[in-house]
Novice: 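I have a structure I would like to understand better, so I am pasting it below and will then ask my questions one at a time.
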Amino acid sequence: MLRLLEAPAALRDACDEARRAGRRVGLVPTMGYLHDGHLSLLARARQAVGEAGLVVVSIFVNPTQFGPGEDLERYPRDLDGDVAKCEQSGADLVFAPPEDAMYAADAETFVDVERISRGLCGDHRPGHFRGVCTVVSKLFNIVGPCAAVFGAKDYQQLAVIRRMTRDLFLPVEIIGAPIVREVDGLAMSSRNAYLTAEQRRVAPALHRALSAARARARISGEPTSVADVIAEARALLDREPALAVEYLEVRDAETLQRVETATPDRVVMLVAAQLGSTRLIDNLLL
Ligand code: AMP
């Protein structure tokens, strides 16, 4: 039976009790409006903690990770639908706190991961990773020792959270899970619900561009220059005038530092683009 909890103290008790009984705890933090990408994280958490483990899915549209003018107000929400999906997918517990349970009215403590939060999404969404790190560290502190699963869809976020967890000695094993895509390659996202039919037709261009770059980086056994690989992807993106590219970059897959050559399996190409009023991101290991 799935349990639905709203109070941090109740979640802490449930997790403590599970660990006392020798069960491992798995955590999947989300903002809800769940799709198959989220559910793949849930399955990965189950695999990590075993059948006897306690799999917790948190659903919280975290206000501090949205900038002014972003889509906080219209972010899609469907708690009943999400709970049903979690139940079908074998989660044990859904944690869906109200905003004031996560942020006291006079809260003034935030977690900032410095270098790795800059560039890429960090530059286009000032304060975004500060909000993400703050809410994720709150969740980790409520849940306690656990395995937490994050999707590679948010590649920079995964790197930032790994760094935060290590730097702060948080008792959490971070597990990265691969991107789940629609059949035409579009990375699943709750924000895809915003797309009009015409925009939905355009959106897979992001994945096509990344795939072309990957093929270019692998075409010869020779190292390929990042400029060539980016040009390959850019040519495909430019065919879709509705896509306003925010960034298109190749970075070291581990450190996210800039690189000059696109060494296969060592570098990742990351893209963000605005399509109408919807912001899309994607990435691919080259
Ligand atoms: P969100 O609800 O968008 O904040 O995402 C919650 C978690 O689901 C994050 O760890 C995301 O990286 C992950 N996620 C979102 N979309 C996908 C996807 N298409 N494939 C895999 N993981 C995803």
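One-based numbering along the sequence shown. Both ligands and their constituent atoms are indexed starting at 1 by order of listing.
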Novice: Using a 4.0 angstrom limit on heavy atoms, which residues are close to ligand 1?
Specialist: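 Within the 4.0 Å shell of ligand 1, which is judged on heavy atoms, sit P29, T30, M31, H35, G37, H38, L41, Y75, F150, G151, K153, D154, Q157, P178, I179, V180, M188.
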Novice: Please list, chain by chain and in numerical order, all residues satisfying side-chain contact (heavy atoms from CB on, under 4.5 Å) with D71, sequence neighbours excluded.
Specialist: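 side-chain contact (heavy atoms from CB on, under 4.5 Å) check on D71 returns F66, R74, Y75, R191, Y194.
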Novice: At their closest point, which heavy atom of A203 faces which heavy atom of L186, and how far apart are they?
Specialist: CB-CD1, 3.7 Å
Novice: Of the options H207, R200, R201, which is the one that meets D184 in a side chain to side chain donor-acceptor pair (under 3.5 Å)?
Specialist: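 It is R200, the one option of H207, R200, R201 that forms the side chain to side chain donor-acceptor pair (under 3.5 Å) with D184.
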Novice: Could you tell me if the side chain of L11 sits less than 4.5 Å from the side chain of V143, heavy atoms only?
Specialist: yes
Novice: Salt bridge or not for R23 and E17, using N-O below 4.0 Å?
Specialist: no
Novice: Using every non-hydrogen atom in the two residues, find where A213 and V229 come nearest and quote the distance to one decimal.
Specialist: CB-CG1, 3.6 Å
